[in-house]
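A quick note: this is a predicted structure, and the numbers were derived from the prediction, not measured. Atoms within a ligand are numbered from 1 in the order they appear, just like the ligands themselves.
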Amino acid sequence: MQQYLELMQDVVDNGTDRGDRTGVGTRSVFGRQLRFDLGRGFPLVTTKKVHLRSIIYELLWFLKGSTDNNWLRERKVSIWNEWALENGDLGPIYGKQWRSWQCPDGSTVDQIADVVSQIRTKPESRRLIVSAWNPAELPDEAAGPQDNVRQGRMALAPCHCLFQFYVSEGRLSCQLYQRSADLFLGVPFNVASYALLTHMIAQQCDLEVGEFVHTFGDCHLYSNHLTDEIVYEQLSRKPRPLPSLSIARKPDSLFEYELEDFVFEGYEPLPGIKAPIAV
Ligand SMILES: Nc1nc(=O)c2c([nH]1)NC[C@@H]1CN(c3ccc(C(=O)N[C@@H](CCC(=O)O)C(=O)O)cc3)CN21
Ligand SMILES: O=c1ccn([C@H]2C[C@H](O)[C@@H](COP(=O)(O)O)O2)c(=O)[nH]1
């Protein structure tokens, strides 16, 4: 994960200091890319301990099509708490757009089931895309997350907003476009989540894993992460070898995976680093 640290250093050295929606302030660069060969280890940050359980449950929750934070809370995953209503509702965020994108005629599109079926039947297609960016349901940037949900809008605009698959020589690759990236807290989650999704879809489609290509728009470090205890501490650490992932069984569909199916070996990270989240 040296390249993750290099991107962090790039933001520190070349970023411009700017204000942002949350009021915290960031240092940011625009337009960057990381590439991970998934055959050479699972891309999980090793220079701090990353909470894999939260990442896996969040992905399973997206794949269920759920936007109800209670499902995560029941599993002790707290990463969406700040954005949810009292009753758990997060509005039409990822799960809704992935599994039941609303059409004008009242029908819905299951983009995930469709893309898996396309990968199986038309692997050379150049249209293997899933988009969470639904302009009709975006939040009003001037209102808070809960107010947006009360209006039937998303609590937060999709950050990882569009991804595309590519099949070549029996390998499945995935490229993500992330319009806005919290490099310290969000990105380790996003890289691992899409790497995991690529492994799952490859297994379902009888393919090997290829690359995960992570393309960024506004790539930032929050100003309250630019401290000796947080970002500079992480930049002083040396990456360790990557863990490996094996999947214990092959479920009948992409929607039937469980936490216990994912077996990670050789994850020996440096200690965790706590940081405040910008809401
Ligand atoms: N500012 C911001 N950054 C994000 O990364 C982010 C948002 N907002 N809003 C929506 C989701 C929620 N995500 C989150 C939220 C919290 C953590 C976080 O606090 N991580 C800690 C603790 C992990 C845990 O307890 O499971 C970490 O050390 O990684 C990570 C991703 C990613 N997203
Ligand atoms: O998966 C995610 C979700 C969110 N983020 C970060 C990126 C930004 O710091 C905030 C979102 O704020 P916007 O004003 O909507 O850009 O959350 C992330 O990195 N990964």
- Note on the structure: Checking W101, W133, F163, F62 against Y94 for ring pair (Phe, Tyr, Trp, His ring centres under 6.0 Å), the one that qualifies is F62
- Taking atom 15 (O) of ligand 2 as the reference point, the nearest protein heavy atom with its distance: R179 NH2, 2.8 Å
- Item | N or O pair under 3.5 Å between S54 and ligand 1 | yes
- Note on the structure: Which of Q33, H214, Q164 passes side chain to side chain donor-acceptor pair (under 3.5 Å) with Q175? It is Q33
- Closest heavy-atom approach to atom 21 (C) of ligand 1 among L185, I273, V45 is made by L185
- Query: Under 3.5 Å between some N or O of ligand 2 and some N or O of E141?
  - Reply: no
- Which residue and non-hydrogen atom of the protein lie closest to atom 25 (O) of ligand 1, and at what distance in Å? H51 ND1, 3.8 Å
- Message: For the backbone of A84 and the side chain of Q146, can you confirm whether one donor and one acceptor N or O come within less than 3.5 Å of each other?
- Response: yes
- Message: Please report the interatomic distance OG(S223) to CZ(R18), rounded to the nearest 0.5 Å.
- Response: 13.0 Å
- Atoms of ligand 1 close to G186 [distance to a heavy atom under 4.0 angstrom, numbered from 1]: 5 (O)
- Do L63 and L197 have side chains that get closer than 4.5 Å, going by heavy atoms? yes
- Query: Is there a donor-acceptor contact under 3.5 Å from the side chain of R73 to the main chain of G88?
  - Reply: no
- Item | Inter-residue atom distance R75.CZ - N70.CG, 0.5 Å rounding | 10.5 Å
- Message: In terms of relative ring orientation, are W71 and Y57 parallel, tilted or perpendicular, with 30° and 60° separating the classes?
- Response: perpendicular
- Message: Main chain of A155, side chain of N148: is a donor-acceptor contact present, judged purely on distance under 3.5 Å?
- Response: no
- Contact partition for F189 relative to ligand 2, non-hydrogen atoms under 4.0 Å: neither
- Task: Write out the residue and atom name of the closest protein heavy atom to atom 14 (O) of ligand 2, then the distance separating them to 0.1 Å.
- Result: R21 NE, 2.7 Å
- Message: Looking at every non-hydrogen atom in both residues, tell me the closest pair between V115 and I129 and how far apart they are.
- Response: CG2-N, 3.9 Å
- Message: With a 4.0 Å cut-off on heavy atoms, is A278 in contact with ligand 2?
- Response: no
- Query: Between K250 and D206, is there a side-chain N and carboxylate O pair less than 4.0 Å apart?
  - Reply: yes
- Query: Got a protein heavy atom sitting under 4.0 Å from atom 16 (C) of ligand 1?
  - Reply: yes
- ligand 1 to W83, heavy atom cutoff 4.0 Å, flagged ligand atoms 7 (C), 8 (N), 9 (N)
- How close does the nearest protein non-hydrogen atom get to atom 10 (C) of ligand 2, and which residue and atom is it? Y222 OH, 3.8 Å
- Protein heavy-atom partner closest to atom 1 (O) of ligand 2 - residue, atom, separation in Å: N190 ND2, 2.8 Å
- Message: Give me the residue, atom name and distance of the protein heavy atom closest to atom 18 (C) of ligand 2.
- Response: Q178 NE2, 3.6 Å
- Query: Taking T215 for the side chain and G31 for the main chain, is one N or O donor matched with an acceptor at less than 3.5 Å?
  - Reply: no
- Message: Counting non-hydrogen protein atoms only, what is the nearest one to atom 23 (C) of ligand 1? Give residue, atom name and distance.
- Response: F189 CZ, 3.8 Å
- Query: Which protein heavy atom lies closest to atom 4 (C) of ligand 2, and at what distance to 0.1 Å?
  - Reply: C159 SG, 3.0 Å
- List every atom of ligand 1 that sits less than 4.0 Å from any heavy atom of L156, numbering the atoms from 1 in the order shown and giving each element. 9 (N), 10 (C)
- Parallel, tilted or perpendicular: which fits the ring planes of F262 and Y257, with parallel below 30° and perpendicular above 60°? parallel
- Could you tell me whether S78 and ligand 1 have an N or O pair separated by under 3.5 Å? no
- Look up atom 3 (N) of ligand 1 and tell me if a protein heavy atom lies less than 4.0 Å from it? yes
- Message: Could you check whether any heavy atom of G272 sits closer than 4.0 Å to an atom of ligand 1, since that is the contact criterion I want to use?
- Response: no
- min-distance protein heavy atom vs atom 6 (C) of ligand 1 -> I277 CD1, 4.2 Å
- Item | Minimum heavy-atom distance R32-D10, with the two atoms named | NE-OD2, 2.6 Å
- Which ligand 1 atoms does W80 reach within 4.0 Å, using its non-hydrogen atoms? 10 (C), 11 (C)
- Task: With atom 13 (N) of ligand 1 as the reference point, say which of L72, I79, I55, D20 has the nearest heavy atom.
- Result: I79
- Message: For atom 6 (C) of ligand 2, what is the closest protein heavy atom, and at what distance to 0.1 Å?
- Response: D182 CB, 3.7 Å
- Nearest non-hydrogen protein atom, atom 7 (C) of ligand 2: S180 OG, 3.3 Å
- Message: At less than 4.0 angstrom from any non-hydrogen atom of D182, what atoms of ligand 1 do you find?
- Response: 1 (N), 2 (C), 3 (N), 4 (C), 5 (O)
- Message: Taking Q204's backbone N and O only, do any of them form a donor-acceptor pair with R120's side chain (distance below 3.5 Å, no angle check)?
- Response: yes
- Message: Is it the case that ligand 1 has an N or O less than 3.5 angstrom from some N or O of K48?
- Response: no
